[in-house]
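Working notes, structure below.
These figures come from a predicted structure and were not determined experimentally.
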Amino acid sequence: MASSACTKPIFPSSFTLSSSESKSKLSHVSFISSTTHLPIYRKLSHVNLSKRCLAVNNVLKTADATETSVRSSKSEDVGSLGDRPTILVSEKLGEAGLEVLRSMGHVECAYDLSQEELCSKISCCDALIVRSATKVTREVFEAGKGRLKVVGRAGVGIDNVDLQAATEFGCLVVNAPTANTVAAAEHGIALLAAMARNIAQADASTKAGKWQRSKYVGVSMVGKTLAVMGFGKVGSEVARRAKGLGMHVIAHDPYAPADRARAIGVDLVPFDQAISTADFISLHMPLTPTTNKVFNDDTFAKMKKGVRIVNVARGGVIDEDALVRALDSGVVAQAALDVFTEEPPSKESKLVQHENVTVTPHLGASTKEAQEGVAIEIAEAVLGALKGELSATAVNAPMVAPEVLSELAPYVVLAEKLGRLAVQLVSGGSGIKSVKVVYRSARGPDDLDTRLLRAMVTKGIIEPISNTIVNLVNADFIAKQKGLRISEEKVVVDSSSELPLDSIQVQISGVDSKFASAVAEGGHINIDGKVKFGEPHLTCVGSFDVDVSLEGNLILCRQVDQPGMIGRVGNILGEQNVNVSFMSVGRTSRRKKAIMAIGVDEEPNKQALDNIGAVPAIEEFVFLKL
């Protein structure tokens, strides 16, 4: 894997990541685009949390200027740093939330858009906020042409957003899962009581001039069994309130922890047990391929005759034709529905018109307090994403705790720069297919969250050699799409446990190197880095130890270890007005082989690099952009 000595500057050659590179769909999305190759990093200290957070945010926003330029001219980036992003609100949002949005961006409210109108507008927008009616499809993300950075769902459910497409295009999707929790739970309980006591039907009858007391005799809820199907935030709040009404509550949720259910006196049971023993069933599950029409003829047949059903979750979880049949047969005595498969439902809907069905027009979150809370929650989440921050309510990105983000900030910078260095050491050929990242830390493997670091190594490797912008949202997807396998290893070492990491090592296997000295004994390209005084440093190239601050540009030279080499190379660069910011020499043994690492502020011209290569004692060299 050795390469010949270089006597001319070496720049990244045009190789592919895999044979499928040319066939893959390009993703031109970052959180906020920059007009430079890398963000500007300030000196970071381990005690300055705000600056460390800034570094994380800037890494997430980074976009290569060449990639930004390929965007459509119609999609001029007004969301760049220093500009106010454009935020499209396609459904009614509380004024409090709009005010939050206007504090940072240009807000356009355009309601009742058709798909064609939405696709037309989205190419000029950095963010989109929807409720449940707007369908954010793959076509919308494609029409965004890389500019759309975040979609905010003002509410909990995100089944109207194509998450796969959002992830492919690097677009963060956030929701507002907490602000309307109580409102939805209260509405569920209200429908439960209204159904049990025939409130809606008795109201309509009385207003029609009738007095039918005997017709609308209800049922009591005290002592009855309520099955809560989906024990998330809303489901658990419904359970609390139902317990207060004297009901026996059971629940089914394959992902809910049993101890959380037991803490409020609820038993988690299997699906069939829940639906077969319940007197009342309250639905609070998301709409997924697994739950789509999960309540159908088969499940209704397993229920206790005379069961009553409430749905304030998603209409699609019920087969509405099957529910009509169950109502007609008496298996289901009554239903109270706030959501429907198609909204609004048809005026001729047999389900809506059924005398034993109470309906409301998707009012679960419709209280003044909830509307204001949801508006503020989603506005803050969207603005945070536009600033490059990771939202706690992101639904298509791994959750990284704020304290972890803060602690890892300088290592995030290191990880990306190591990735950029490593890929520039690869010569043309079959392409990169296997990368290994080794984390050395005094902490145990379970105490180290490396997802963000892995994403930044991926970003550093892929972005310099493709038209793809990588961020935490799409890093794993893009790597898989391009046939790049990234493995990780965590090694416990004897170092300070106060710091999350001692070092990061990036290995690229199965490729040739344009700088033979970067190849370790195992035949792979190998570089190591550490964070020193809050700044990333290169500490090892191949088997040579160096100590180089990763800023500016870098020249690596393999040379015969002899006097005068530092001065000679320094003079060559000085003659071409190239400022040297640092030099470091690592050698195997005295007067044998050595690697000289030279940091330069400017990019040396061809003449300067040719002159360096012409020095007899220099066996090979490479110029690297950081």
Apply side chain to side chain donor-acceptor pair (under 3.5 Å) to the pair D338 and T360, showing each step before the final yes or no. CA-CA 5 Å; D338 186 48; T360 52; 2.6 Å; yes
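- Between the CD1 atom of I478 and the CD atom of E463 there is a distance of 10.0 Å, given to the nearest 0.5 Å.
- For the salt bridge (Lys or Arg N to Asp or Glu O under 4.0 Å) test, no residue two or more places apart in sequence or in another chain qualifies with R260.
- Residue pairs meeting the salt bridge (charged side-chain N to carboxylate O under 4.0 Å, His left out) criterion with at least one partner in residues 90-102, sequence neighbours excluded, are E95-R102, E99-R102.
- Screening residues 364-378 for salt bridge (charged side-chain N to carboxylate O under 4.0 Å, His left out), with sequence neighbours left out, gives no hits.
- For D272, the side-chain contact (heavy atoms from CB on, under 4.5 Å) test picks out I275, K302, with sequence neighbours left out.
- A search for salt bridge (Lys or Arg N to Asp or Glu O under 4.0 Å) contacts involving K121 returns E108, not counting sequence neighbours.
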Kindly determine whether E168 and R138 satisfy salt bridge (charged side-chain N to carboxylate O under 4.0 Å, His left out), including the steps that lead there. CA-CA 10 Å; E168 291 178 23; R138 176 174 293 275; 3.0 Å; yes
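- With rounding to the nearest 0.5 angstrom, the OG atom of S282 is 12.0 Å from the CZ atom of R241.
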Could you pull out all donor-acceptor pairs under 3.5 Å where a side-chain atom in residues 321-336 meets a protein atom, sequence neighbours excluded?
| residue | atom | partner | partner atom | Å |
| --- | --- | --- | --- | --- |
| R325 | NE | D297 | OD1 | 3.2 |
| R325 | NH2 | D297 | OD1 | 3.4 |
| R325 | NH2 | D297 | OD2 | 2.8 |
| D328 | OD1 | H354 | NE2 | 2.9 |
| S329 | OG | R325 | O | 3.2 |
| S329 | OG | A326 | O | 3.1 |
| S329 | OG | V331 | N | 3.4 |
| Q334 | OE1 | R308 | NE | 2.6 |
| Q334 | NE2 | M195 | O | 3.0 |
| Q334 | NE2 | N198 | OD1 | 2.7 |

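- Evaluation of the salt bridge (Lys or Arg N to Asp or Glu O under 4.0 Å) rule for E489 yields K436 as partners, not counting sequence neighbours.
- For the side chain to side chain donor-acceptor pair (under 3.5 Å) with R314, the lone residue among D159, T288, N160, N292 that qualifies is D159.
- In this structure E488 satisfies the salt bridge (Lys or Arg N to Asp or Glu O under 4.0 Å) test together with R454, sequence neighbours excluded.
- Each salt bridge (charged side-chain N to carboxylate O under 4.0 Å, His left out) pair with one or both residues in residues 189-203, not counting sequence neighbours, appears once here: D203-K207.
- Taking D259 as the reference, P257, R262 meet the side-chain contact (heavy atoms from CB on, under 4.5 Å) condition, with sequence neighbours excluded.
- Identified under the salt bridge (charged side-chain N to carboxylate O under 4.0 Å, His left out) test for residues 273-293, with sequence neighbours left out: D279-K304.
- Atom CG in N311 sits 4.5 Å away from atom CG in L283 (nearest 0.5 Å).
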Donor-acceptor pairs are to be reported for all side-chain atoms of residues 216-225 against protein atoms at under 3.5 Å, with residues two or more places apart or in another chain.
| residue | atom | partner | partner atom | Å |
| --- | --- | --- | --- | --- |
| S220 | OG | V222 | N | 3.3 |
| K224 | NZ | S220 | O | 3.0 |

